[in-house]
Student: 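This is the structure I have questions about; it appears just below.
Quick note on labels: first sequence line is chain A, next is B, and so on, each numbered from 1.
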2 protein chains.
Amino acid sequence: MNYVEAKKEFIQTWGTLGNHWGTNRTMSQIHALLLISPDALTTEDIMNELSISRGNTNMNVRDLMDWGLVHKVLKQGERKEYFQAEKDIWKVATQVAKERKKRELDPMIKALEKLSALEGPGKDKKIKAFKNVLEDIQEVAKNTDKTLNTMIKAEENWFWSQLLKVFK
Amino acid sequence: MNYVEAKKEFIQTWGTLGNHWGTNRTMSQIHALLLISPDALTTEDIMNELSISRGNTNMNVRDLMDWGLVHKVLKQGERKEYFQAEKDIWKVATQVAKERKKRELDPMIKALEKLSALEGPGKDKKIKAFKNVLEDIQEVAKNTDKTLNTMIKAEENWFWSQLLKVFK
DNA sequence: CCAAACTTTCAATTTCAATTGAAAAATAAA
DNA sequence: TTTATTTTTCAATTGAAATTGAAAGTTTGG
């Protein structure tokens with residue numbers, strides 16, 4: 001397998017996986033493309049490489065920036081915007097964990113709180129079962145939340161400590 | 001909010017969340033319904049409660065069984081199949097982690113192995129960048145794999161030790 | 001073996017999200 | 001200010017996945 005084939009396959013694979021992470025296929029394909037590009041790319045480059053429309057490219061690049069996975073790069077004397085992926089994969093993983101927590105876990109915890117607040121003492125079998133499930137889920141959710149927070153904080157500390165080393 | 005409303009909302013919420021877990025909306029709604037039902041339900045019960053077709057119910061219940069989240073229950077002298085959700089939420093969480101690992105992480109690791117095996121020594125900037133990314137991702141993926149395995153095993157041990165207690 | 005009870009399959013349809021592309025808006029140079 | 005370049009928006013379209021429902025398949029009691 002040569003570079004061109006491997007690249008194609010990598011983009012394909014990463015795109016499929018993206019579905020599972022909460023990012024859509026195209027978004028992950030753009031991410032993959034930028035990850036393996038040594039240099040920053042323009043919207044046009046991305047359109048051509050992936051054969052997708054300008055609108056699609058624009059929206060998904062913006063989403064990638066919202067996720068903190070891609071950054072805008074401005075070049076001296078050029079008007080076009082260039083895009084560059086965050087290359088530190090640990091940072092990518094942390095970033096994804098952070099965003100997913102924000103988008104999935106946090107809303108779930110809120111929804112559960114709302115639901116469990118609004119039920120009086122249950123005599124009925126059904127109500128008892130319902131309240132039990134709510135409590136149990138809340139327990140798991142809060143534990144997960146704590147664990148993720150710890151991981152994210154650890155990773156952030158590590159990042160800053162690495163950064164400090166550069167200036168020491 | 002009364003029981004009926006809370007139930008509706010819980011099913012709704014769980015369904016929305018399901019999208020993020022790799023299970024589809026209906027599948028998670030059925031799961032939610034079974035989670036809060038003190039007793040096992042039939043296909044008909046599920047159809048009526050959620051206003052969905054027989055075919056849809058059947059397929060999604062089967063998927064839930066594939067995920068290990070729901071079990072078939074046979075009742076004395078009854079011909080119908082009843083369905084019951086796994087109620088231990090920690091077990092549910094473990095099960096989901098296990099399945100997602102199988103469906104997402106494992107294929108990714110395989111794909112990466114295939115890709116990184118098939119590249120000779122790279123002189124080109126592009127090829128170097130590509131190989132770097134592959135290596136880094138593999139590192140993260142393998143770490144994640146190890147962590148998940150540890151968690152799953154820990155949970156399984158805990159489960160069996162709990163079970164043993166019952167018979168002691 | 002037959003018929004009733006129940007489950008599974010699958011082609012056709014519906015639904016919803018992703019995508020397009022052209023027009024509008026923004027930005028910067030002349 | 002005008003013009004040229006680039007980005008953003010969004011109504012219309014496309015495409016993929018979910019859903020239906022009726023027909024086919026399976027199982028069990030008589």
Student: Mind checking side-chain contact (heavy atoms from CB on, under 4.5 Å) for Asn149(A) and listing every partner two or more places apart, or none if nothing turns up?
Tutor: Lys101(A), Asp145(A)
Student: Mind running a 4.0 Å heavy-atom check of residues 16-47 of chain A against DNA chain D and sending the residues that fall below it, in number order?
Tutor: none
Student: Considering only heavy atoms of chain A and a distance under 4.0 Å, specify the first and last nucleotide of DNA chain C in 5' to 3' order that meet this criterion.
Tutor: dA18(C) to dA28(C)
Student: Under 4.5 Å side-chain heavy-atom separation, chaining through any Ile, Leu, Val, Met, Phe, Trp or Tyr, what else clusters with Val73(B)? Say none if it is isolated.
Tutor: Tyr82(B)
Student: List every contact pair, protein side and nucleotides 1-3 of chain D side both N or O, where the distance is under 3.5 Å.
Tutor:
none

Student: Contact list please: residues 54-61 of chain A against DNA chain C, heavy atoms, distance less than 4.0 Å, in numerical order.
Tutor: Gly55(A), Asn56(A)
Student: For DNA chain D, which residues of residues 74-84 of chain A approach it to below 4.0 angstrom with any heavy atom?
Tutor: Arg79(A), Lys80(A), Glu81(A)
Student: Could you list the residues that satisfy side-chain contact (heavy atoms from CB on, under 4.5 Å) with Arg62(A), not counting sequence neighbours?
Tutor: Asn58(A), Met65(A)
Student: Salt bridge (charged side-chain N to carboxylate O under 4.0 Å, His left out) with Glu9(A): which residues, sequence neighbours excluded?
Tutor: Lys114(B)
Student: Side chains of residues 31-43 of chain B: which donor-acceptor partners sit under 3.5 Å, not counting sequence neighbours?
Tutor:
{"residue": "His31(B)", "atom": "ND1", "partner": "Trp14(B)", "partner atom": "NE1", "Å": "3.3"}
{"residue": "Ser37(B)", "atom": "OG", "partner": "Leu33(B)", "partner atom": "O", "Å": "2.7"}
{"residue": "Asp39(B)", "atom": "OD1", "partner": "Lys125(A)", "partner atom": "NZ", "Å": "3.3"}
{"residue": "Asp39(B)", "atom": "OD2", "partner": "Lys125(A)", "partner atom": "NZ", "Å": "3.3"}
{"residue": "Thr42(B)", "atom": "OG1", "partner": "Glu44(B)", "partner atom": "N", "Å": "3.4"}
{"residue": "Thr42(B)", "atom": "OG1", "partner": "Asp45(B)", "partner atom": "N", "Å": "3.1"}
{"residue": "Thr42(B)", "atom": "OG1", "partner": "Asp45(B)", "partner atom": "OD2", "Å": "3.2"}

Student: Answer yes if the side chains of Asn60(A) and Asn56(A) hold a donor-acceptor pair under 3.5 Å, and no otherwise.
Tutor: yes
Student: Taking only residues two or more places apart in sequence or in another chain, which ones pass side-chain contact (heavy atoms from CB on, under 4.5 Å) with Glu139(A)?
Tutor: Asn143(A), Trp90(B)
Student: In residues 63-73 of chain B, what residues come within less than 4.0 Å of DNA chain D, judged by heavy atoms?
Tutor: none
